[in-house]
S.K.: 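Take this structure, written in structure tokens, and hold onto it; I'll ask about it next.
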Amino acid sequence: MIELLGDTSDGVIHAKLTGKISSDDYENVLLPALEATLINHETVRLLMQIGPGFEGYSAQALFDDAKLGLKHWNGFERIALVSDLGWVHGMTRAIGFMFPCPVKSFDLSDEQDARLWLSESLGTIHMRDLGNDVLQIQLIGSLERAAYADVDDELDNLMAERDSVKLLLDLREFDGWLGVGAMASHFALVRDHYKVPEKLAMVGNKRWQEMAEKLASKFLRAEVEYFEAAQFDAAKVWLSE
């Protein structure tokens, strides 16, 4: 069965799974809670507790599980799985990156940590005008899709009075994207503004970031150059030349 614990006024659904999960559990418990929460919140954060006594899904419930995920693909903001079952943690590590939102597993004794993770801000995007048509875009932490919500409008406003712009992409404190939804939002942002940058300087401290410079040069009509973190000032000089 699926038992809902607490209310959803904060946009968090706490579901406890015990016994064998049936199709009725999805149709009569989880789905109505999800759709009711989405009336008052743009997205939902799900805390799913899979504790002792969990016996798995019926065949129909497995189908409903997949159907639920597809129907509300963009409705989930973050999912925390709380369990002492080894396969739950293994599954999260193996396929968590394929989910459209960040997914993380916790032990049953760490439920409070799971709640904290659901509520905290994981990453952010900062923009600032450095003058001389140079805009700095700083990616910080681990980014989820929600971090991109207001970035597009802000970028449009910063570019409004410019025929062209030079971008300083600061990746020194960037840890990557959480889920394919966040990565898709990033590339959508790049796609929508791909004709604008005249020059792009990428500053980072990880090997994959250096490789991203080669990828960016394929998509952007701009001069693209990568700089190590210690060369931050050199990147700004290169942009102003």
Side-chain angles (χ1 to χ4, degrees), residues 1-123 141-147 149 177-185:
M1 63 177 291
I2 298 178
E3 178 185 2
L4 298 181
L5 305 178
D7 60 45
T8 60
S9 59
D10 57 355
V12 176
I13 295 177
H14 184 178
K16 182 179 180 180
L17 278 60
T18 56
K20 191 157 189 149
I21 307 304
S22 68
S23 178
D24 287 344
D25 292 320
Y26 276 94
E27 295 294 334
N28 300 326
V29 181
L30 189 56
L31 184 58
L34 177 59
E35 293 185 338
T37 305
L38 286 172
I39 293 175
N40 299 313
H41 302 272
E42 290 185 6
T43 57
V44 170
R45 301 184 183 199
L46 177 63
L47 175 64
M48 186 171 288
Q49 181 180 331
I50 308 173
F54 177 69
E55 298 174 4
Y57 298 82
S58 68
Q60 182 61 40
L62 280 173
F63 175 78
D64 288 339
D65 190 25
K67 187 171 65 175
L68 178 73
L70 290 173
K71 182 178 180 180
H72 298 283
W73 184 258
N74 292 318
F76 294 104
E77 181 178 339
R78 216 176 291 178
I79 299 175
L81 302 175
V82 181
S83 178
D84 282 340
L85 298 173
W87 66 263
V88 172
H89 300 287
M91 179 193 69
T92 305
R93 289 191 297 268
I95 64 173
F97 71 94
M98 299 173 61
F99 282 73
C101 65
V103 179
K104 189 173 182 179
S105 63
F106 299 82
D107 291 334
L108 282 176
S109 60
D110 296 328
E111 180 183 320
Q112 194 57 42
D113 290 340
R115 290 184 175 279
L116 179 62
W117 179 77
L118 285 175
S119 64
E120 68 183 355
S121 176
L122 300 181
S142 300
L143 291 182
E144 55 188 333
R145 185 175 60 230
W177 293 282
L178 291 172
V180 295
M183 187 181 300
S185 295

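All values below were derived from every heavy atom in this structure, side-chain atoms included, with hydrogens, water molecules and symmetry-related copies excluded.
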S.K.: Does the side chain of D107 come under 3.5 Å of the side chain of H89 through a donor N or O and an acceptor N or O?
M.R.: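 Present: a donor and an acceptor within the cut-off.
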
S.K.: L108 and D84: which non-hydrogen atoms are nearest, and at how many Å?
M.R.: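 In terms of heavy atoms, the two residues are closest at N-OD1, 3.1 Å.
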
S.K.: Evaluate the side-chain proximity of H41 to T8: yes if any heavy-atom separation is below 4.5 Å, no if none is.
M.R.: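 Answer no - side chains too far apart.
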
S.K.: Kindly compute the distance separating CG (L47) from CZ (F106), expressed to the nearest 0.5 Å.
M.R.: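 It comes to 9.0 Å.
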
S.K.: Which pair of heavy atoms, one from V44 and one from L34, lies closest together, and at what distance?
M.R.: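 What the structure gives for the nearest pair is CG2-CD1, 3.7 Å.
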
S.K.: Which heavy atom of A33 sits nearest to which heavy atom of L4, and what is that distance?
M.R.: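 Smallest interatomic distance, heavy atoms only, reads CB-CD1, 3.5 Å.
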
S.K.: Applying side-chain hydrogen bond (donor to acceptor under 3.5 Å, both in side chains), can you list everything that pairs with S109, at least two apart in sequence or on another chain?
M.R.: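 By the side-chain hydrogen bond (donor to acceptor under 3.5 Å, both in side chains) rule, S109 matches no residue at all.
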
S.K.: Restricting to side-chain hydrogen bond (donor to acceptor under 3.5 Å, both in side chains), what partner residues turn up for D113, sequence neighbours left out?
M.R.: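 Applying side-chain hydrogen bond (donor to acceptor under 3.5 Å, both in side chains) to D113 gives none.
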
S.K.: When rounded to the nearest 0.5 angstrom, what distance separates CE in M48 from NZ in K16?
M.R.: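 The NZ atom of K16 is 14.0 Å from CE of M48, to the nearest 0.5 Å.
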
S.K.: What pair of heavy atoms forms the shortest contact from F76 to L46, and how long is it?
M.R.: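 Reported closest heavy-atom pair: CE2-CD2, 4.2 Å.
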
S.K.: Could you give the distance from CG (L17) to CE (M1), rounded to the nearest 0.5 Å?
M.R.: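 Atom-to-atom, L17:CG and M1:CE are 9.5 Å apart.
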
S.K.: Do D25 and L30 touch side chain to side chain, with heavy atoms closer than 4.5 Å?
M.R.: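 No - every pair of side-chain heavy atoms lies 4.5 Å or more apart.
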
S.K.: Can you check whether T18 reaches E3 side chain to side chain, under 4.5 Å on heavy atoms?
M.R.: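 When only atoms from C-beta onward are counted, E3 and T18 do not touch, as no gap falls below 4.5 Å.
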
S.K.: Return the minimal non-hydrogen interatomic distance between T37 and G11, and the atom names on each side.
M.R.: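 The answer is CG2-CA, 4.0 Å.
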
S.K.: To the nearest 0.5 angstrom, please state how far the CZ atom of R115 sits from the CG atom of D10.
M.R.: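 Output value for this atom pair is 8.0 Å.
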
S.K.: Might you point out which heavy atoms bring T92 and V103 nearest each other, and give the distance in Å?
M.R.: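 Heavy atoms only, the tightest pair is CG2-O, 3.9 Å.
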
